[in-house]
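Letters A, B, ... are given to chains in the order of the sequence lines, protein chains preceding strands, and every chain is numbered from 1.
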2 protein chains.
Amino acid sequence: MKSTYDINQFNNPLFTVDSVLFTIKDDRLMVLMVKRANEPFLGRWGLPGGFVDSNIDDNTDMTALRKLKEKTNITPAYLEQLQVNSGHNRDPRAFSVTVIYYALTAHQLVSSYLETIEDVQWIDLHQLNSLPVAFDHKDIIAAARKRLQQKALYSMTPVYCLDELFTIGQLKSVIEIIIGKTIQRKSLIRRIEASNMFETVDKKIKSGGRLAQVYKLKDNVEIAHFERNFSN
Amino acid sequence: MKSTYDINQFNNPLFTVDSVLFTIKDDRLMVLMVKRANEPFLGRWGLPGGFVDSNIDDNTDMTALRKLKEKTNITPAYLEQLQVNSGHNRDPRAFSVTVIYYALTAHQLVSSYLETIEDVQWIDLHQLNSLPVAFDHKDIIAAARKRLQQKALYSMTPVYCLDELFTIGQLKSVIEIIIGKTIQRKSLIRRIEASNMFETVDKKIKSGGRLAQVYKLKDNVEIAHFERNFSN
DNA sequence: AAATAAAATGTCATAAAGACACTATTAAGA
DNA sequence: TCTTAATAGTGTCTTTATGACATTTTATTT
């Protein structure tokens with residue numbers, strides 16, 4: 001049945017899946033980008049992604065994860081649909097549609113793997129303007145960043161930029177980098193307690209002063225959301 | 001160039017665009033549904049939507065609006081991407097992908113047009129369970145409703161369910177129906193003032209007691225968002 | 001004129017975040 | 001060992017948007 005059905009196949013748009021994988025590294029928000037090995041935009045930097053392989057992928061989520069695994073060797077701790085971009089002009093080949101995901105990971109899980117690779121890199125968002133970028137991927141990254149920023153104001157999502165074990169100071173720093181302003185440590189602690197997402201680990205980490213308590217996520221937690229944004 | 005490029009066309013997924021058009025009618029949240037005239041799911045009720053026509057549509061937003069116009073004769077006041085659904089099992093024909101939008105309109109603009117039509121109707125969300133629905137459209141409507149609900153807690157989006165002219169009481173009622181709980185009239189008034197989205201019209205409407213001041217949206221306003229949710 | 005009803009306002013309570021002082025604990029250096 | 005610096009962590013008052021609810025306003029109905 002599947003092989004005989006072909007209505008509208010000819011006019012079907014060019015369909016791809018792309019991901020904006022964020023991390024925090026050296027106190028900077030970074031995005032994973034790939035130097036393109038094919039036309040169009042050969043040699044420019046683009047988001048990791050590609051075509052759905054319907055023999056392998058149950059759905060587009062799987063496509064996004066598969067492509068990310070190919071480039072980074074990991075499955076990101078957080079993945080969510082961002083938006084769909086479509087139009088005649090974004091891909092010179094045809095009317096194209098891209099499902100865009102954004103994802104979060106601890107850079108530690110990826111960085112060592114990337115060291116031996118040239119065409120896959122963490123790109124500092126501040127350096128993005130001076131980089132030759134393919135398609136409309138610069139706009140997409142901006143949109144993903146905006147969404148992440150919003151989410152960081154009212155949810156615990158940014159933890160997924162951190163390693164399994166982390167301190168409150170590290171979480172505070174990650175949130176501040178994402179939202180672009182400082183928050184009160186006290187406010188974060190209140191949210192950590194209210195969220196009930198975390199547990200302490202019998203371990204402390206030195207941080208230039210008093211040792212910091214180490215935390216980790218409880219098993220199978222839901223990301224906590226709050227009724228107010230961090231404000232200013 | 002466009003006509004010669006055909007890599008992966010054969011395995012390209014079946015690609016459609018569907019919309020969840022909400023309105024409030026008789027103090028109920030309603031969705032626009034269409035009785036399917038084609039296989040699969042012929043005769044069952046489904047969301048308005050269809051294939052992209054890349055000769056007409058600049059992008060998938062236009063596809064959504066075009067299909068809604070065909071069914072309702074109007075362009076909804078509010079339209080936003082909800083999500084993408086994809087998989088092997090959701091459409092019996094092939095691996096399929098649907099971009100889903102949700103939209104808001106005043107029912108007055110549509111209802112008279114629908115009166116003469118049998119296969120396009122407003123469906124009360126409470127009646128949805130007892131209706132034969134196509135594809136995964138029941139789940140999609142649930143997801144769209146949830147998103148609208150969330151948005152109503154921290155933004156002025158629900159105004160787009162109302163006619164051009166409306167009262168505070170009407171806006172309060174629409175919000176309450178969407179979020180499923182009552183809110184303080186006073187809180188809404190504070191938000192109306194803070195939002196700066198509205199202006200009074202030199203007109204009052206009877207409502208069983210004191211006449212109600214009529215409001216309308218200012219020209220080209222942005223939807224106001226707030227830092228807190230309505231709570232309880 | 002009185003009763004009723006919803007609109008609109010006034011004002012105090014509540015709750016979560018902001019501000020910031022203060023204490024605790026570690027490393028480094030005199 | 002004592003002092004200093006630095007960050008972790010706590011206590012507590014302030015701020016602010018919303019909740020609660022009483023009061024006033026203005027219309028209709030009887």
Under-4.0 Å side-chain N/O to phosphate OP1/OP2 contact, [X] with [N]:
X	N	value
B:Ser231	D:dG19	yes
A:Arg228	C:dA15	no
B:Arg191	D:dT18	yes
A:Gln184	C:dA19	yes
B:Arg190	D:dT18	no

Using whole Å, report how far [atom1] of [X] lies from [atom2] of [N].
X	N	atom1	atom2	value
A:Tyr154	C:dA16	OH	P	19 Å
A:Ile205	C:dA27	CD1	C1'	16 Å
B:Lys204	D:dT28	NZ	P	12 Å
B:Leu211	D:dT29	CG	P	11 Å
B:Lys172	C:dA8	NZ	C1'	13 Å
A:Leu171	D:dA8	CG	P	12 Å
B:His225	D:dA17	NE2	P	17 Å
A:Ile175	C:dA17	CD1	C1'	14 Å

>> For B:Gly208 and B:Ile168, find the nucleotide of DNA chain C closest to each by heavy atoms; which residue's nucleotide sits nearer the 5' end?
In response: B:Gly208
>> If you assign A:Ile183 and B:Val214 each to the DNA chain C nucleotide with the nearest heavy atom, which residue ends up on the more 5' nucleotide?
In response: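 Looking at the nearest nucleotide for each, B:Val214 comes out on the 5' side.
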> When the nearest nucleotide of DNA chain D is assigned to A:Tyr215 and to B:Phe226 on a heavy-atom basis, which residue is associated with the more 5' position?
Replying inline: A:Tyr215
> Which comes earlier along DNA chain D counting from the 5' end, the contact point of B:Lys206 or that of B:Phe230, where each point is its nearest nucleotide?
Replying inline: B:Phe230
>> Categorize B:Ile189 for me: base, sugar-phosphate, or nothing, with a 4.0 angstrom heavy-atom threshold over every strand shown.
In response: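 Contact class for B:Ile189: base.
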>> Applying a 4.0 Å non-hydrogen cut-off, can you work out what B:Gln213 is touching in the nucleic acid: base, sugar-phosphate, or nothing?
In response: sugar-phosphate
> Counting only distance, no hydrogens or angles, is the base of C:dG10 paired donor-acceptor with the side chain of B:Lys186 under 3.5 Å?
Replying inline: yes
> Any N or O donor-acceptor pair linking the side chain of B:Arg210 to the base of C:dA6 at under 3.5 Å?
Replying inline: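 Per atom types, no contact qualifies.
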> What nucleotide, of D:dG19, C:dA17, D:dA27, holds the atom closest to the side chain of B:Ser187?
Replying inline: D:dG19
>> How about CE on B:Met197, more than 12 heavy atoms from neighbouring residues, nucleotides or ligands closer than 6.0 Å, or not?
In response: yes
>> Quick test of your reading of the model: are B:Lys216 and B:Glu199 salt-bridged, counting only N-O distances below 4.0 Å?
In response: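 Salt bridge: yes.
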> Once the angle between the rings of A:Phe166 and A:Phe198 is folded into 0 to 90°, is it parallel (under 30°), tilted (30 to 60°) or perpendicular (over 60°)?
Replying inline: perpendicular
> Could you give the distance from CD (B:Gln184) to OG (B:Ser231), rounded to the nearest 0.5 Å?
Replying inline: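 Rounded to the nearest 0.5 Å, the CD-OG separation comes to 10.0 Å.
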> Is B:Arg191 positioned over the aromatic face of B:Phe230, cation under 6.0 angstrom from the ring centre and no more than 45 degrees off axis?
Replying inline: yes
> Under the ring pair (Phe, Tyr, Trp, His ring centres under 6.0 Å) criterion, do A:Phe226 and A:Tyr154 qualify, and how do the steps go?
Replying inline: CA-CA 5 Å; A:Phe226 306 93; A:Tyr154 65 81; 8.8 Å; no
